[in-house]
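Data block below; observations after.
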Amino acid sequence: MIEPQIPKGFRDFLPQQMMLRRDIMRTMSAVFERYGFVPLDTPCLEYARTLEGKYGEEGDKLIYRFEDRGGRAVALRYDLTIPLARVAAMYQLPRPFKRYQIAPVWRADKPQKGRFREFYQCDIDIIGESSACADAELLCVAHAVLQALGFDNYLIRINNRKILNALAERLGIDTARIPGFLRALDKLDKTGPGAVLRDMQAQGLLTGDAERIVREHLLAGGDNFEAVAALVSGSETGAAGLAELDLIARVLSADGVDGSYYKRDISLARGLDYYTGPIFEVVVTEPRIGSILGGGRYDGLIGLFTKQSMPATGISFGLERLVTVMEELGMHAQTNSLTQVLVTQFSDGLLEDGVRLAARLRQSGFNTELYPAPDKLKKQLSYAAARGIPAVVVLGPDEARDERATLKNMLTGDQAVLEQQHLAEAIRTMLS
RNA sequence: GUGGGUGUAGCUCAGCCGGAUAGAGCGCCAGGUUGUGGCCCUGGAGGCCGAGGGUUCGAACCCCUUCACUCACCCCA
């Protein structure tokens with residue numbers, strides 16, 4: 001006997017969980033399509049060189065990489081963005097190109113709460129449009145998806161790499177050290193200003209008057225976004241970044257997104273190296289699970305795969321995290337079955353009658369099961385009750401003799417004997 | 001990659017300083033009700049106490065090793 005096991009960080013999705021996941025994916029797809037996004041899929045396997053060097057030092061270590069039988073270096077996709085960039089470079093797509101993709105990605109990470117080695121991302125991206133209007137639309141979609149799923153307790157954090165770069169420049173931090181600067185800054189709401197300052201000092205980032213500026217503008221408390229904005233508005237990059245965020249706010253507001261759902265946040269940095277403009281993250285307050293969505297503009301990325309450079313922006317929902325939050329908050333009714341009607345089987349002699357009746361009910365549009373054996377009625381009713389099947393049709397010798405059947409409502413316990421030809425109508429009424 | 005925690009029935013767990021046939025609740029199966037679920041009552045099945053080694057008269061309990069799971073850090077969805 002082989003001990004049944006699955007690799008660490010990988011999971012089976014049993015029906016109960018699969019139904020929740022499927023519902024979330026359907027809701028998302030519907031919203032995506034309502035905003036004009038079209039579906040796309042790419043292989044799970046890419047050549048390693050396609051993925052490597054795109055995610056920063058930490059990211060590269062988490063790529064599942066191996067050699068195929070022909071000795072080629074291949075890798076499981078780490079996200080959906082790089083494969084999209086590859087696609088955008090390989091095909092002549094109409095632009096702006098708006099696609100969505102819901103698919104698993106793999107990271108050789110150590111699993112923990114809400115974090116797995118195989119997990120699903122749900123991405124929307126807009127390629128070929130440099131206006132921040134495109135970024136804003138992504139956030140409108142994000143908001144619409146979360147609303148459609150029943151979320152209310154979340155915050156869309158918005159920042160801009162241009163502003164951060166202008167800030168770094170103002171502080172005299174050279175380009176090579178910006179990632180470390182951002183990493184330190186990103187921890188502001190987690191570890192507090194003191195720790196951030198110490199981190200920056202330890203990295204030797206703060207020379208000249210930089211430390212004073214950081215203390216007074218970034219870590220002083222109050223509206224540090226405004227303070228930094230004032231600091232960088234003189235620089236061309238900084239001003240451009242600020243203008244983009246203004247445009248985004250205008251679009252969100254006009255789309256009817258309440259101001260309480262989003263916030264400009266100077267400490268949002270995002271880990272990936274490839275972001276160049278507006279960046280986003282959505283956090284939920286209740287289960288502390290990190291972000292449920294992340295993304296931003298990556299204008300330079302597609303240029304890595306083709307001479308023709310192309311602006312692009314995108315966001316990614318973490319399906320697992322949405323599921324975790326929805327489960328912990330009891331936001332979704334759990335079901336064990338999608339069956340609407342169970343036809344009981346009374347005895348061998350009534351087998352064909354049962355099959356025929358079930359077939360007719362299916363033709364009428366009901367998800368219908370015929371109980372698979374002539375067990376005791378008690379057992380058949382328990383089967384329906386345990387799965388939450390709302391309607392049971394009992395077809396015994398008495399009923400069969402004169403083309404009738406007993407319809408039982410499992411929620412109320414009510415039942416009635418009906419002509420078989422009136423069953424469908426009665427079930428429809430019962431289920432509505 | 002670093003550091004904690006936990007492994008006992010299908011599930012959630014109890015089992016005090018080592019002591020006899022290892023327990024509970026839930027679930028499952030059967031019966032009470034030979035054509036009726038949920039509630040109630042009765043009974044039943046189901047455990048190499050994660051694995052290996054050691055200490056001991058005696059180990060689920062103590063020690064070592066190992067594996068698995070889990071949480072946190074780093075980073076991220």
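Chain letters run A, B, ... following the sequence lines, proteins first, then strands; residues in each count from 1.
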State the dot-bracket string of RNA chain B. Criteria: Watson-Crick or G-U wobble, both atom distances under 3.5 angstrom; notation: ( ) intrastrand, [ ] crossing earlier pairs, | interstrand, . unpaired.
(((((((..((((.....[...)))).(((((.......))))).....(((((..]....))))))))))))....
Taking B/rA59 as the reference, what is the distance to B/rC48 when you measure between their C1' atoms (whole Å, please)?
14 Å
To the nearest Å, give me how far apart CG (A/Leu268) and C1' (B/rA77) are.
14 Å
I'd like the P distance from B/rU6 over to B/rC62, given in whole Å.
11 Å
Between A/Thr191 and A/Gly9, which has a closest nucleotide on RNA chain B that is more 5'?
A/Gly9
Considering only the P atoms, how many Å lie between B/rG50 and B/rG31, rounded to the nearest integer?
36 Å
ring-ring contact (aromatic ring centres under 6.0 Å, His included) filter on A/Tyr274, not counting sequence neighbours, yields A/Tyr298
How many Å lie between CZ on A/Phe151 and C1' on B/rA77, as a whole number?
13 Å
Quick check on RNA chain B: between A/Lys8 and A/Arg183, whose nearest nucleotide comes earlier from the 5' end?
A/Lys8
In the 5'-to-3' direction, what one-character label does each nucleotide of nucleotides 34-39 of chain B receive under the scheme B = base within less than 4.0 Å of a protein heavy atom, S = sugar-phosphate only, - = no such atom?
-BBBB-
Which salt bridge (Lys or Arg N to Asp or Glu O under 4.0 Å) pairs, counting each pair once, include a residue from residues 162-173 of chain A, with sequence neighbours left out?
A/Lys162-A/Glu244
How far does the P atom of B/rG47 sit from the matching atom of B/rU42, given to the nearest Å?
25 Å
Give a yes-or-no answer on whether the side chains of A/Gln415 and A/Thr406 include a donor-acceptor pair shorter than 3.5 Å.
no
What is the distance from NZ of A/Lys61 to C1' of B/rC76, rounded to the nearest Å?
13 Å
B/rC61 to B/rG53 separation - P atoms, rounded to the nearest Å
14 Å
May I have the distance from A/Asn336 (atom CG) to B/rC11 (atom C1'), rounded to whole angstrom?
15 Å
Under-3.5 Å N/O pairs linking protein and nucleotides 3-6 of chain B:
none

Side-chain donor-acceptor contacts of residues 424-432 of chain A below 3.5 Å, not counting sequence neighbours, with atom names and distances?
residue	atom	partner	partner atom	Å
A/Thr429	OG1	A/Glu425	O	2.9
A/Ser432	OG	A/Arg428	O	3.4
A/Ser432	OG	A/Thr429	O	2.9

Residue pairs passing the salt bridge (Lys or Arg N to Asp or Glu O under 4.0 Å) test where at least one lies in residues 125-135 of chain A, sequence neighbours excluded
A/Arg99-A/Asp125, A/Asp135-A/Arg297
Taken in chain and number order and not counting sequence neighbours, the residues that satisfy ring-ring contact (aromatic ring centres under 6.0 Å, His included) with A/Tyr78 are A/Tyr55
Taking only N and O in the side chain of A/Gln112, is any of them less than 4.0 Å away from OP1 or OP2 of B/rA72?
yes
Mind checking the C1' distance from B/rG18 to B/rU55? Whole angstroms is fine.
11 Å
Would you please say whether a donor-acceptor pair under 3.5 Å links the side chains of A/Ser316 and A/Asp123?
yes
With sequence neighbours excluded, tell me which residues meet side-chain hydrogen bond (donor to acceptor under 3.5 Å, both in side chains) with A/Ser267.
A/Arg157, A/Asp265
A/Phe119 CZ to B/rC75 P: how many Å, rounded?
16 Å
Taken to the nearest whole Å, NZ/A/Lys113 to P/B/rC69 is 18 Å
Which pairs, with at least one residue in residues 362-417 of chain A and sequence neighbours excluded, count as a ring pair (Phe, Tyr, Trp, His ring centres under 6.0 Å)?
A/Tyr371-A/Tyr383
After noting the C-alpha distance and the side-chain angles of A/Gln121 and A/Asp79, does the key distance pass the side-chain hydrogen bond (donor to acceptor under 3.5 Å, both in side chains) rule?
CA-CA 7 Å; A/Gln121 289 196 325; A/Asp79 68 3; over 6 Å; no
Could you check whether A/Leu293 gets within reach of a base, just the sugar-phosphate, or nothing at all, counting any heavy atom under 4.0 Å?
sugar-phosphate
When all nucleic acid strands are considered with a 4.0 Å heavy-atom cut-off, which category describes A/Phe116: base, sugar-phosphate, or nothing?
base
With sequence neighbours left out, the residues meeting ring-ring contact (aromatic ring centres under 6.0 Å, His included) with A/Tyr261 are A/His143, A/Tyr154
is_close_aromatic(A/Tyr100, A/Phe32), centroid dist under 6.0 Å:
yes
Nearest-angstrom distance, P atom, B/rG52 to B/rG37
47 Å
Ignoring hydrogens and angles, does a donor from either the side chain of A/Arg107 or the base of B/rC75 sit under 3.5 Å from an acceptor on the other?
no
Find the distance A/Leu182:CG to B/rC75:P and express it as a whole number of Å.
12 Å
Mind checking what makes salt bridge (charged side-chain N to carboxylate O under 4.0 Å, His left out) contact with A/Lys376, not counting sequence neighbours?
none
Nearest-angstrom distance, C1' atom, B/rU56 to B/rA68
29 Å
Is there a side-chain contact between A/Arg115 and the phosphate of B/rU70, meaning an N or O under 4.0 Å from OP1 or OP2?
no
Tell me: CZ of A/Arg117 to P of B/rU70, nearest whole Å?
11 Å
